[in-house]
2 protein chains.
Amino acid sequence: MAAQRRNTRQRKMILEAVRDSRSHPTADEVYLMVRKRDRKISRGTVYRNLNLLVEDGVIQIIKTSGGNRFDGCTLPHAHLTCTSCGAVTDVGVAPDTSIDEFVEGRTGYAGISHYTIFEGLCRACQLDEEPPQDQPRQTPKRRDM
Amino acid sequence: MAAQRRNTRQRKMILEAVRDSRSHPTADEVYLMVRKRDRKISRGTVYRNLNLLVEDGVIQIIKTSGGNRFDGCTLPHAHLTCTSCGAVTDVGVAPDTSIDEFVEGRTGYAGISHYTIFEGLCRACQLDEEPPQDQPRQTPKRRDM
DNA sequence: ATTTTTGCAAATCATTTGCATCAGC
DNA sequence: GCTGATGCAAATGATTTGCAAAAAT
């Protein structure tokens with residue numbers, strides 16, 4: 001049988017931290033937030049619980065180029081990440097689920113879902129990167145070929 | 001000024017390996033392939049060159065849940081990964097670039113592009129996972145909220 | 001001749017894990 | 001009291017990096 005979850009003090013704090021955060025925090029950011037409330041909590045506990053919460057569908061993980069982040073909102077929606085600072089924001093574009101069945105039929109894969117990630121330079125980073133003119137902080141996307 | 005690239009024996013081999021492979025190999029798989037031709041090549045060289053090739057737009061990197069993979073085809077196209085074995089295949093769905101401008105206008109981000117990753121269980125893994133009935137090899141997607 | 005690149009090994013970074021103890025239920 | 005969870009520290013895995021020697025232009 002599947003293991004039964006216990007409502008530990010730590011797990012509650014971790015879930016709250018993810019839900020209260022508008023910023024799609026990384027695991028380490030969650031650790032830092034929770035550590036303000038509990039000086040003794042360990043990174044291992046944070047990682048373990050984030051994984052369990054994702055597994056249970058309570059939160060979702062977002063795998064961006066800049067690393068993994070967590071989102072307290074499990075409703076399907078796209079994300080936009082800044083290629084320079086790594087910030088992640090929500091995009092109000094409803095995912096087209098009909099395409100999943102199409103791909104399912106085409107490929108023979110089962111239980112298909114999909115996610116979309118937008119990448120670009122956020123306003124703050126646009127300003128930062130103009131003046132020096134030297135090397136861009138991160139690789140600009142190529143579009144040739 | 002940007003560094004000028006040199007056409008080293010190693011770089012050529014690495015590019016060939018990625019292009020010849022239909023399987024969207026990981027960095028380590030590329031290393032193993034290339035090592036068959038050059039027993040002395042190092043992982044560092046493979047990683048460095050893969051990064052340079054991506055930077056120059058010669059190949060593309062695909063960040064899947066199962067790890068980073070490389071694709072010799074830089075034409076925009078979606079990918080489908082198996083949530084169990086991690087295999088990556090191409091999906092013949094043309095990305096809708098008009099949506100990028102829309103998001104650009106909505107968010108103020110610059111130079112937006114996007115990519116879509118489909119996830120599901122490949123045919124081989126479907127067969128593997130039926131019989132035992134115990135625990136699935138990897139977390140099945142939850143869809144409730 | 002100059003400057004990039006290589007091979008190697010050590011370093012880094014994020015994440016996972018073993019284990020004895022602790023705490024939900 | 002049983003079993004899952006915690007904290008700690010060590011382990012892992014993927015990727016990056018410093019450096020002297022080698023190769024490309």
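Only a predicted model underlies this, so the values are computations on that prediction, with no experimental measurement involved. Naming convention: chains lettered A, B, ... in sequence-line order (proteins, then strands); numbering from 1 in each chain.
Between the CZ atom of R9(A) and the P atom of dA23(C) there is a distance of 9 Å, rounded to whole Å. When the P atom of dG7(D) is taken as reference, atom CE of M13(A) falls 9 Å away, rounded to whole Å. E55(B) has its CD atom 11 Å from the P atom of dT16(D), to the nearest Å. For Y31(B) and dT6(C), the OH to P distance is 14 Å, given to the nearest whole Å. Whole-Å rounding puts the R35(B) CZ to dC8(C) C1' distance at 14 Å. Atoms CD1 (I41(A)) and P (dA9(D)) sit 16 Å apart, rounded to a whole Å. Between the CG atom of D38(B) and the P atom of dA23(D) there is a distance of 12 Å, rounded to whole Å. Here the C1' atom of nucleotide dA23(D) and the NZ atom of K40(B) are 17 Å apart, to the nearest Å.
At a cut-off of 3.5 Å, with distance as the only test, no side-chain donor of T81(B) or T64(B) sits close to an acceptor on the other residue. Counting only N and O atoms by type, the side chains of D96(A) and S98(A) include a donor and acceptor under 3.5 Å apart.
Counting heavy atoms from C-beta on, the side chains of I14(A) and V30(A) come closer than 4.5 Å. The shortest distance between side-chain heavy atoms of D90(B) and H79(B) falls below 4.5 Å.
Residue R5(B) qualifies as enclosed at atom CZ: its count of foreign heavy atoms under 6.0 Å is above 12.
Of the side-chain N and O atoms in Q4(B), one or more sit less than 4.0 angstrom from OP1 or OP2 of dT4(C). The shortest distance between the side-chain N/O atoms of T8(A) and the OP1/OP2 oxygens of dT6(D) is below 4.0 Å. Note on Q10(B): a side-chain N or O is less than 4.0 Å away from OP1 or OP2 of dG7(C).
N49(A) comes within contact range of the sugar-phosphate backbone alone, with a heavy-atom separation under 4.0 Å but no base atom that close. Note on N7(B): only backbone sugar-phosphate atoms sit closer than 4.0 angstrom, heavy atoms only; bases stay farther off.
E104(B) contributes a side-chain N or O that, together with a main-chain N or O of I112(B), makes up a donor-acceptor pair within less than 3.5 Å. Side chain of R69(B) to main chain of A27(B): no donor-acceptor pair is present (N/O by atom type, distance under 3.5 Å, no hydrogens or angles).
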Under-3.5 Å N/O pairs linking protein and nucleotides 16-19 of chain C:
| unit_1 | atom_1 | unit_2 | atom_2 | d |
| --- | --- | --- | --- | --- |
| dT16(C) | OP2 | N51(A) | ND2 | 3.0 |
| dG18(C) | O6 | R48(A) | NH1 | 3.3 |

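Place D28(B) and R5(B) on DNA chain D by their nearest nucleotides, and D28(B) ends up nearer the 5' end.
Taking only distance into account, the side chain of R6(A) meets the base of dT3(D) through a donor-acceptor pair shorter than 3.5 Å.
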